[in-house]
Amino acid sequence: MGAGACCTKKPEDIKTKLLDVAEGLPVSRDLTNDAETEQVLTLATEILSLGADIEEVKKLTYGSESEKPAPPVLISAVGAAESKLLLKKTAPHHMVCIFAMYGEQ
């Protein structure tokens with residue numbers, strides 16, 4: 001994806017781009033790897049720039065009984081893109097996230 005990916009809307013073009021991206025991704029997801037997390041967010045932005053229907057993108061990446069799912073980094077990016085779309089539909093709000101820590105005092 002990257003430069004020139006903006007506004008592609010043909011389903012076959014989107015499928016080709018997603019397959020190209022999937023080829024270079026690891027087969028696992030390391031949640032402690034900051035570079036991977038940044039890659040997820042970058043891919044999510046690029047997915048949104050394609051202008052594709054997120055449900056179609058999910059069908060192309062989540063797998064089925066007959067097709068393997070895309071690599072976890074790409075699946076995470078699709079989920080992040082969907083979340084961003086859903087957040088755009090909500091009214092302004094304040095969100096707080098609390099992390100429980102083992103042995104916290």
Side-chain angles (χ1 to χ4, degrees):
M1 292 162 119
C6 177
C7 306
T8 302
K9 292 190 179 179
K10 293 181 186 173
E12 61 272 7
D13 291 344
I14 293 165
K15 183 175 183 175
T16 300
K17 288 190 183 300
L18 292 172
L19 288 173
D20 289 346
V21 168
E23 281 184 29
L25 295 175
V27 296
S28 64
R29 173 84 166 91
D30 181 355
L31 298 175
T32 65
N33 183 327
D34 291 340
E36 241 180 53
T37 300
E38 184 61 36
Q39 187 176 26
V40 166
L41 298 176
T42 300
L43 286 172
T45 299
E46 292 181 10
I47 289 167
L48 291 174
S49 75
L50 294 173
D53 175 29
I54 197 69
E55 293 302 320
E56 289 301 315
V57 174
K58 287 165 54 175
K59 286 178 188 174
L60 294 169
T61 55
Y62 284 11
S64 66
E65 288 184 21
S66 61
E67 292 189 25
K68 289 183 4 182
V73 171
L74 184 53
I75 292 173
S76 294
V78 172
E82 182 179 31
S83 292
K84 187 170 184 176
L85 289 173
L86 292 171
L87 277 171
K88 285 181 179 181
K89 295 178 181 180
T90 64
H93 60 279
H94 179 80
M95 187 171 97
V96 176
C97 184
I98 300 172
F99 292 95
M101 298 176 69
Y102 179 77
E104 184 178 20
Q105 298 296 321

Legend entry - ILVMFWY cluster, L25 and L19 together (side-chain gap under 4.5 Å):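 Shared cluster, no.
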Inset, instruction - Any salt bridge (Lys or Arg N to Asp or Glu O under 4.0 Å) involving residues 55-77? Give me the pairs, sequence neighbours left out, ordered by first then second residue. - result: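 Residue pairs with at least one partner in residues 55-77: E55-K58, E56-K59, K58-E82.
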Inset, instruction - Only pairs at least two apart or in different chains count here, so list each salt bridge (Lys or Arg N to Asp or Glu O under 4.0 Å) that has a residue in residues 90-103. - result: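 Residue pairs with at least one partner in residues 90-103: there are none.
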Legend entry - Results of side chain to side chain donor-acceptor pair (under 3.5 Å) for D53 - residues two or more places apart only: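 For D53 there are no side chain to side chain donor-acceptor pair (under 3.5 Å) partners, ignoring immediate neighbours.
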Inset, instruction - Please identify each residue that fulfils side chain to side chain donor-acceptor pair (under 3.5 Å) with S64, with sequence neighbours left out. - result: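 So S64 forms a side chain to side chain donor-acceptor pair (under 3.5 Å) with S66.
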Taking side chain to side chain contact (heavy atoms under 4.5 Å, CB included) as the test, write out the residues that go with [X], two or more places apart.
X   : value
L85 : L48, I54
T90 : L87, H93
P26 : E36, V73

Inset, instruction - Side-chain contact test, heavy atoms from C-beta onward, threshold under 4.5 Å: evaluate it for T37 versus T32 and give yes or no. - result: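 Not touching, per the 4.5 Å side-chain cut-off.
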Legend entry - Side-chain touch T61/P69, heavy atoms, less than 4.5 angstrom: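 When only atoms from C-beta onward are counted, P69 and T61 do not touch, as no gap falls below 4.5 Å.
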Legend entry - Residues clustered with I98, ILVMFWY side-chain links under 4.5 angstrom: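 Grouped by the 4.5 Å side-chain rule, V96 form the rest of the cluster around I98.
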Inset, instruction - Kindly give the heavy-atom pair with the smallest separation between A70 and I75, and that separation in Å. - result: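 Shortest heavy-atom separation between A70 and I75 comes out as O-CD1, 3.2 Å.
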Let me check something: any side-chain donor-acceptor pairs from residues 38-45 under 3.5 Å, sequence neighbours excluded? List them with distances.
unit_1, atom_1, unit_2, atom_2, d
T42, OG1, E38, O, 3.0
T45, OG1, L41, O, 3.1

Legend entry - Evaluation steps, side-chain contact (heavy atoms from CB on, under 4.5 Å), between I47 and L74: CA-CA 10 Å; I47 289 167; L74 184 53; 4.1 Å; yes
